[in-house]
Amino acid sequence: MGIDPRELSDADLLKELETIHRTRHDTLLHAPADALAAHSVRMTELEAEYLRRHPDRPITPGRTREGARARGR
């Protein structure tokens with residue numbers, strides 16, 4: 001299912017994440033169950049690696065519950 005995320009450079013990891021997020025909706029709507037399952041596994045692996053590398057990533061205040069409440073949502 002692709003290169004082990006731990007072996008990807010930061011640039012390649014981001015590229016893989018961008019691709020998998022871009023294709024998620026189409027996969028959900030139109031792919032068979034086994035393809036959706038494989039997509040989910042790969043997405044989880046890539047996201048976990050990103051979070052492992054960037055545990056202190058910047059958080060946009062508007063993306064928090066408090067920020068959403070402040071926007072009135």
Side-chain angles (χ1 to χ4, degrees):
M1 284 194 41
I3 298 172
D4 184 328
R6 294 172 294 182
E7 296 177 15
L8 294 169
S9 67
D10 284 346
D12 286 338
L13 178 60
L14 283 176
K15 192 182 316 179
E16 289 283 323
L17 282 164
E18 289 169 3
T19 299
I20 206 157
H21 287 133
R22 187 175 57 251
T23 60
R24 183 62 179 180
H25 188 72
D26 191 54
T27 303
L28 174 65
L29 294 179
H30 305 293
D34 60 335
L36 179 59
H39 196 276
S40 296
V41 167
R42 182 66 173 169
M43 186 170 61
T44 299
E45 291 172 348
L46 293 167
E47 289 176 346
E49 179 59 17
Y50 181 85
L51 293 173
R52 184 189 71 76
R53 293 184 194 186
H54 304 282
D56 297 321
R57 70 196 195 288
I59 304 298
T60 303
R63 301 293 297 184
T64 65
R65 286 184 182 164
E66 185 177 316
R69 285 188 202 108
R71 288 192 315 268
R73 291 185 180 177

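Position 1 is the first residue of the sequence; numbering continues from there.
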**Q.** Side chain to side chain, Thr27 and Ile20, heavy atoms closer than 4.5 Å
**A.** no
Q.
Could you measure the distance from the CG atom of Leu17 to the CZ atom of Arg22? Nearest 0.5 Å is fine.
A. 11.5 Å
Q) Could you give the distance from CG (Leu51) to CG (Leu46), rounded to the nearest 0.5 Å? A) 11.0 Å
Q: Show your reasoning for whether salt bridge (Lys or Arg N to Asp or Glu O under 4.0 Å) applies to Glu18 and Lys15.
A: CA-CA 5 Å; Glu18 289 169 3; Lys15 192 182 316 179; over 6 Å; no
With sequence neighbours excluded, residues passing side chain to side chain donor-acceptor pair (under 3.5 Å) with [X]:
X: Ser9; value: Asp12
X: Ser40; value: Arg24
X: Glu16; value: none

Q: Check Arg53 against Pro5 and note the closest heavy-atom contact, atom names and distance.
A: NH2-O, 3.0 Å
Q: Spell out, yes or no, whether Leu14 and Leu8 are grouped together once hydrophobic residues are joined by side-chain heavy atoms under 4.5 Å, including indirect joins.
A: yes
Q.
I'd like to know if Glu49 pairs up with Arg52 as an ion pair, taking the criterion as any Lys NZ or Arg NE/NH1/NH2 lying under 4.0 Å from an Asp or Glu carboxylate oxygen.
A. yes
Q.
Atom CD1 of residue position Ile3 - does it have more than 12 heavy atoms of other residues, nucleotides or ligands inside 6.0 Å?
A. no
Q) Do other residues, nucleotides or ligands put more than 12 heavy atoms under 6.0 Å from Arg6 CZ? A) no
Output side-chain donor-acceptor pairs under 3.5 Å for residues 58-68, partner residues at least two apart or in another chain, one line each.
from, atom 1, to, atom 2, distance (Å)
Thr64, OG1, Pro61, O, 2.8
Thr64, OG1, Gly67, N, 3.0

Q. Could you give all pairs that pass the ring-ring contact (aromatic ring centres under 6.0 Å, His included) test and reach residues 24-68, with sequence neighbours left out?
A. Tyr50-His54
Q. What pairs with His21 under ring-ring contact (aromatic ring centres under 6.0 Å, His included), at least two apart in sequence or on another chain?
A. none
